[in-house]
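Remarks on the structure that follows.
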Amino acid sequence: MDQLLLDRKTYNPMIADDIVSAPFAEGKKFVLNPQDDLAKITIESEKGDLLLYDGRINHNNGWFVLRSEFPAGTKEGAVKWIIRPTVTKDWRYAPVVQASQVGYHPGQKKVAVIELDKRDTDFKQPALYRIVADGRKLVKQQAAKDWGDFQRYHYLQFDFTEVTEEGLYQVMYGDAASPVFRIAKDVWDKGIWQAEVEYFLPVQMCHMRVNEKYRVWHDFCHHDDARMAKTDINHIDGYTQGTSTLCKYQPGDLVPGLNVGGWHDAGDYDLRVESQAGEAYILAMACENFGAYWDETSIDFEKKIVEIHQPDGKNDLLQQVENGALTIVAGWKALGRLYRGILCPTVRQYAHLGDASAHTDHVSGTADDRWVFTEDNPGRELQVAAWLAGISRVLKGHNDALGADCLEIARELFRITRCDNNRVLTAKVHAAVELYLATKEVEYRDFVLQQQDFICKNIRQTGWFIGRFDKAVGNARFSKTVRKALPELQAMYQEYSSKTPYGVPHDRGNRSSGSWEPQHLGYNYCYLHAAYPDLFAPDYIFNAVQYLLGMHPGRNQAAFVTGVGAETMKAAYGVNRADWSYIPGGVSPGTNLIRPDLPELLHFPFLWQEGEYCLGGHATWFMYMVLASQKILNGNEQ
């Protein structure tokens, strides 16, 4: 068999599929969970033996395998299994009481969701208890609102918004209990969004050594970045390199200067340009719109050393903005254009789990160097231009030279990038908005004003970012026209909010494309509420935050933000997943819909569609929504 990939010289761990250990057991009948009458499954083979294997010998993400063997070339009738699951007709799904794993601000809407078997008709009265030193005290008990059916379950809603006394609380529905949560004005102040910049982003930093007191998260890594990718190949992660975007470098050439900045993209060690620019932009907006400040980490870009829980007198958010900007600017200066991504060339490296410093040999020009890909993608290039323009504003006074580079690149991308469809034009309008906010130059203002009709016709895509321009430019005609278009976007959010008992959409199934939808929509909604609070009340923001903190379908009520809340995703798809561990502050997509209607969130770290941390907004949307909630609920809106 072909044991190699791409360069025909490198070990491919997929050859482990050919390694077959002796079976644990073999026979004609296999009983799974014989001790549990409800979970027992019996499998019998009428043709051929059943063989039980431990697939973990082949791959870290392997599991137990039951199979039967049959002669090669057999076309039909080779195997016949009879599978008998336990069927208990009077079984009922036990109630699940879902509430925030963190809690609620006294001023926000507070609704617990009770998830029931669809056949349940004898509804109990939920009860809210306050947890005090000598026990618990009943605060409220009454019939819940019957929300109705969603997917395979029936839902009730228990509203206790009027309860504002600070303290610890728990909702009970018969014997079923919610997590214990707080009601307090400072519920979002500590240990919530901060985990993102205290742990997750520092741990993901590339080209650095990352220390946490006695622990080393990873040593110096990828100092041999990068070589120009080969052309006309299909990389294992779907990247391709065309001959038209090579610039002055030929395939295999060393591209100097790329060994600075950036974050590993969560479950693997690549650098995607949209991950770097998108994450840095959201951090920049958190600084610009909320004055967000946190200092728990020392970052020395010159020595390439990070010290977690060692303040250095600098805003961690701005240092992370700097980290994202560094890799983009370095790529532009080296290539004369944006890179698409910087990725490992082999399957062995792609599947690498563990210390990032072991990913390459740190000797430039050798076969294990990561490849840099470029592309011709006007939509992505203009989107990055928008992000860079926003980034440039907050780097003033922190790293002026880097901020000036970001603005210059954004200007040039806006000038040279072709615009030939609506998706690209949307990105160009966003770029013009950010450039105007950064420069106040007439060219960018007039471009946006000239696109008034396009903006309004595509308000679902443009509405979230146009409000800041609307407020800044003060054009009455433009503002009036945009406001006439906004009810379409308002109706879209109302429709999405009504789809589930949680006030956010959740209808994805066996795919990742919609997995981040509730939080992405929530992030965009923050801008809509800030610009047009009379049209966009803040509830969707609160709902999206609570969705991430345990208010989601299924028995597993874990918060998708690891390390935050009473129960969190403690086996997530990060680079330490082989240890069944996690990185605090990482955000997972969470509960997956197994078609047609089963919500699934397993305690198994190798399910990327449920547990993979990602960047490009996925890590910081939650942080931004929490900061927006703080501003709204503490009465500090401008």
Side-chain angles (χ1 to χ4, degrees), residues 20-69 79-98 101 114-120 122 124 151-154 170 172-180 510 550 552-559 566-573 577-582 588 590-607 609-611:
V20 179
S21 62
F24 273 155
E26 54 187 292
K28 298 292 185 181
K29 184 177 182 180
F30 175 78
V31 182
L32 179 66
N33 294 320
Q35 79 289 351
D36 187 339
D37 288 338
L38 292 178
K40 183 169 68 174
I41 298 175
T42 302
I43 302 173
E44 292 185 70
S45 176
E46 291 193 350
K47 195 169 186 180
D49 288 338
L50 296 171
L51 305 174
L52 178 64
Y53 294 93
D54 185 350
R56 293 172 296 181
I57 194 172
N58 298 72
H59 299 287
N60 297 95
N61 60 351
W63 204 239
F64 294 96
V65 178
L66 188 69
R67 74 184 192 186
S68 293
E69 297 178 352
V79 172
K80 184 176 180 181
W81 287 7
I82 299 174
I83 302 175
R84 294 187 179 91
T86 301
V87 176
T88 305
K89 292 183 179 180
D90 58 353
W91 176 85
R92 292 291 186 270
Y93 181 73
V96 180
V97 183
Q98 298 160 345
Q101 295 284 351
I114 297 102
E115 186 176 75
L116 302 171
D117 192 297
K118 278 187 178 180
R119 295 164 294 180
D120 283 352
D122 184 18
K124 301 177 178 66
Q151 294 174 1
R152 69 167 49 195
Y153 300 122
H154 190 82
Q170 189 173 38
M172 301 290 297
Y173 182 83
D175 294 331
S178 76
V180 175
N510 297 356
H552 49 75
R555 185 164 296 283
N556 186 339
Q557 301 174 67
E567 178 187 340
T568 73
M569 295 274 290
K570 290 186 177 178
Y573 195 97
R577 58 189 178 273
D579 303 322
W580 286 65
S581 190
Y582 64 97
S588 300
T591 305
N592 190 26
L593 175 62
I594 306 301
R595 292 174 180 167
D597 61 2
L598 175 66
E600 177 189 85
L601 184 58
L602 298 182
H603 184 75
F604 187 68
F606 294 100
L607 294 174
Q609 64 269 48
E610 295 179 11

Check whether any side-chain N or O of Lys80 sits under 3.5 Å from a backbone N or O of Glu44 as a donor-acceptor pair, and report yes or no.
no
Lys570, NZ: over 12 other non-hydrogen atoms inside 6.0 angstrom:
no
Taking side chain as C-beta onward, heavy atoms only, is Phe24 less than 4.5 Å from Leu51?
no
Taking the side chain as C-beta and beyond, is there a heavy-atom pair between Lys40 and Leu32 under 4.5 Å?
no
Of all heavy-atom pairs between Asp37 and Thr86, which one has the smallest distance, and what is that distance?
O-CG2, 2.7 Å
Value rounded to 0.5 Å, distance of CG in Asp49 from CZ in Arg67:
13.0 Å
Output, in order, the C-alpha distance, side-chain angles, deciding distance and verdict of side chain to side chain donor-acceptor pair (under 3.5 Å) for Glu115 and Tyr93.
CA-CA 9 Å; Glu115 186 176 75; Tyr93 181 73; 2.7 Å; yes
Spell out, as yes or no, whether a donor-acceptor pair under 3.5 Å connects the side chain of Asp36 to the backbone of Leu38.
yes
Would you compute the distance between atom CZ of Arg56 and atom CZ of Phe64 and round it to the nearest 0.5 angstrom?
4.0 Å
In terms of heavy-atom contacts, Tyr173 and Pro95 come closest through CD2-CB, 3.8 Å
Judged by atom type as modelled, is there a donor-acceptor pair below 3.5 Å linking the side chain of Ser45 to the main-chain atoms of Lys47?
yes
Should we say atom CG of Asp175 is surrounded by more than 12 heavy atoms from elsewhere, each under 6.0 Å from it?
no
At what distance, to the nearest 0.5 angstrom, does CD of Glu600 lie from OG1 of Thr591?
9.5 Å
Interatomic spacing from CZ in Arg152 to CG in Asp597 - rounded to 0.5 Å
4.5 Å
For the student: nearest non-hydrogen atoms of Pro179 and Gln101, plus distance
CB-OE1, 3.4 Å
Which atom names give the shortest non-hydrogen contact between Lys124 and Gly174, and what distance separates them?
CD-CA, 3.8 Å
Are Leu52 and Pro23 side-chain neighbours, meaning at least one heavy-atom pair lies under 4.5 Å?
no
Which heavy atom of Glu567 sits nearest to which heavy atom of Gln557, and what is that distance?
OE2-N, 4.1 Å
N/O donor-acceptor pair under 3.5 Å between Gln170 side chain and Ser178 backbone:
yes
Atom CG of Leu601 and atom NE2 of His552: how far apart are they, to the nearest 0.5 Å?
6.0 Å
With heavy-atom distances below 4.5 Å as the criterion, would you say the side chains of Tyr573 and Ser588 are in contact?
no
Are Arg577 and Phe604 in a cation-pi setup, meaning NZ or CZ lies under 6.0 angstrom from the ring centre and within 45 degrees of the ring axis?
no
Could you walk me through whether Ile41 and Val31 satisfy the side-chain contact (heavy atoms from CB on, under 4.5 Å) test, starting with their C-alpha distance in whole Å, then the side-chain angles of each, then the deciding distance to 0.1 Å, before giving a yes or no?
CA-CA 6 Å; Ile41 298 175; Val31 182; over 6 Å; no
Using the side-chain contact (heavy atoms from CB on, under 4.5 Å) rule, take Lys29 and Thr42 through it: C-alpha gap first, then chi angles, then the decisive distance, then the call.
CA-CA 7 Å; Lys29 184 177 182 180; Thr42 302; 3.6 Å; yes
In short, Trp81 meets Leu66 closest at the heavy-atom pair CH2-O, 3.4 Å
Please examine the side chains of His154 and Asp120, heavy atoms only from C-beta on, and report whether any two atoms are closer than 4.5 Å.
no
In terms of ring plane angle, is the pair Phe606 and Trp580 parallel, tilted or perpendicular, where the classes change at 30° and 60°?
perpendicular
Nearest 0.5 angstrom please: Gln98 CD to Asn556 CG, how far?
10.5 Å
